[in-house]
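Take a look at the structure below.
Naming convention: chains lettered A, B, ... in sequence-line order (proteins, then strands); numbering from 1 in each chain. Bear in mind that the values here come from a model prediction, so they are computed numbers and not experimental data.
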Amino acid sequence: MPELPEAEYMVRRLAQYAGDAVIIRTRILRRGYPAPRRAAGRVASYGRRAKNVLLHLDTGHTLRVQLGMTGHIYWIENAKHPPQFTRVLFELAGGSAIAFEDSRVFGSIEIHPTTRLDEVFADYGPEPLDPAFHWQHLRGRAARLSLPIKQFLLDQSRLAGLGNIWAAESLFGAKIHPEQSVSGLSDDDWRRLHSAIRRALTRAIANTFKVTEHPEDFPGADLVWLNVYGREEKPCRRCRAPIVRTVQAGRATYFCPRCQPL
DNA sequence: TCGATCCTGTAG
DNA sequence: CTACAGGATCGA
């Protein structure tokens with residue numbers, strides 16, 4: 001499930017519930033799961049980079065949680081009863097814990113001997129919601145490339161933080177076809193794409209909080225409001241043309257053929 | 001730059 | 001039962 005908005009939600013919820021956590025023991029609950037076997041220390045702060053959840057320890061180490069497809073990390077009151085698919089359990093002083101669930105086992109946790117994000121994420125592109133992120137960064141990182149824009153957006157080393165859902169939604173917002181080659185994008189395209197990405201993510205974070213904190217106010221909608229993702233054959237909310245689903249580099253892609261012409 | 005692949009749950 | 005899943009890496 002998790003993309004950037006859910007990662008952001010998990011971070012804020014951890015800070016709220018497990019604020020002063022002191023990790024006294026780390027337990028790997030599945031043999032061979034990629035995670036540090038003996039991480040310990042007080043959690044000085046929580047953070048996020050792209051789709052990663054970060055725990056900064058007062059030892060100067062950073063725990064980088066890659067959520068994969070099914071990762072969830074959250075505070076639980078009783079360390080003795082971790083949820084079913086917990087792969088890593090950080091036991092805290094006082095008997096509670098931080099549980100990392102990952103049913104599909106695509107995630108991982110790394111420990112880095114630094115708190116500097118530019119070191120932990122040396123190979124990552126710009127953070128889409130960073131105020132310093134501008135459309136020229138996108139254009140610059142696409143220079144001399146000729147791959148489809150959708151694949152460009154999913155490559156964390158070019159732009160860090162978009163997953164399959166928000167790449168599709170951002171392209172819809174910018175009215176750009178997912179197969180469009182980056183070499184053919186105009187400055188105006190890059191500008192629209194830049195602002196569509198920020199709008200989509202900002203709105204998605206707000207929706208994630210609303211829906212998760214007050215599910216009763218959104219009956220039947222456990223997800224945020226989407227324009228194209230998962231809406232194959234359904235009418236485009238903008239022009240009523242049926243949404244098309246294709247496969248690009250092995251991933252499902254959704255778009256409106258009328259609003260996003262090639 | 002691509003397809004295959006890691007592994008498990010859920011929906012049809 | 002089969003198809004599919006919101007991620008990322010690896011080898012050809």
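- The distance between atom CG of A/Leu67 and atom C1' of C/dA5, rounded to the nearest whole Å, is 16 Å.
- Atom-to-atom, CG of A/Asp123 to P of C/dA8 comes out at 11 Å; the value is rounded to the nearest Å.
- Spacing between atom CD1 of A/Ile165 and atom C1' of C/dC4 amounts to 14 Å, rounded to whole angstrom units.
- For A/Arg104 and B/dT5, the shortest distance from a side-chain N or O to OP1 or OP2 is not below 4.0 Å.
- Taking only side-chain nitrogens and oxygens, A/Arg251 never comes nearer than 4.0 Å to OP1 or OP2 of C/dC4.
- The side chain of A/Tyr124 lies closest to C/dA8 when the candidates are C/dA8, B/dG9, C/dG6.
- Distances shorter than 4.0 Å separate some side-chain N or O of A/Lys51 from OP1 or OP2 on C/dG7.
- Nucleic acid contact class of A/Gly163 (heavy atoms, under 4.0 Å, all strands): sugar-phosphate only.
- By the 6.0 Å and 45° rule, A/Arg141 does not stack over the aromatic ring of A/Phe152.
- B/dC7 is unpaired under the Watson-Crick or G-U wobble criterion, no partner having all donor-acceptor distances under 3.5 Å.
- The aromatic rings of A/His134 and A/His137 lie parallel to each other, with less than 30° between the two planes, well short of the 60° mark.
- Of the candidates B/dT1, C/dA5, C/dA8, the closest approach to any side-chain atom of A/Arg158 belongs to B/dT1.
- In this structure, the CG atom of A/Leu154 is 10 Å from the C1' atom of C/dG6, given to the nearest Å.
- Relative ring orientation between A/Tyr17 and A/Trp75 is described as parallel, the plane-to-plane angle staying below 30° on a 0-90° scale split at 30° and 60°.
- Nearest to the side chain of A/Gln151, among B/dC7, B/dC2, B/dT1, sits B/dC2.
- Applying the side-chain hydrogen bond (donor to acceptor under 3.5 Å, both in side chains) criterion to A/Thr114, with sequence neighbours excluded, gives A/Glu119.
- For C/dG11 and B/dC7, the P atoms lie 16 Å apart once the distance is rounded to whole Å.
- Applying the Watson-Crick and G-U wobble criteria (two distances, each under 3.5 Å), C/dG6 pairs with nothing in any strand.
- B/dG12 and C/dG6 have their P atoms separated by 15 Å, with the value rounded to a whole Å.
- A donor-acceptor contact under 3.5 Å links the side chain of A/Glu6 to the base of C/dG6.
- What separates CD of A/Glu232 from P of C/dG6 is a distance of 13 Å, to the nearest Å.
- We find that the ring of A/Phe106 and the base of C/dG7 stack, their centres lying under 5.5 angstrom apart and their planes tilted less than 30°.
- Neither OP1 nor OP2 of B/dC2 sits under 4.0 Å from any side-chain N or O of A/Gln248.
- Whole-Å rounding puts the A/Glu169 CD to C/dG6 P distance at 13 Å.
- Counting any heavy atom pair closer than 4.0 Å across all strands shown, A/Ala252 reaches sugar-phosphate atoms only and no base atom.
- Rounded to whole Å, atom P of C/dC4 lies 12 Å from atom OH of A/Tyr229.
- Between A/Phe100 and A/Tyr33, the ring planes are perpendicular. Angles over 60° get that label, and only those under 30° would be called parallel.
- The only option from A/Lys150, A/Glu179, A/Gln260 that meets the side-chain contact (heavy atoms from CB on, under 4.5 Å) definition with A/Phe255 turns out to be A/Gln260.
- As rounded to whole Å, 18 Å separates atom P of C/dG7 from atom CD1 of A/Ile109.
- Atom name P, nucleotides B/dA4 and C/dA3: the rounded distance is 15 Å, in whole Å.
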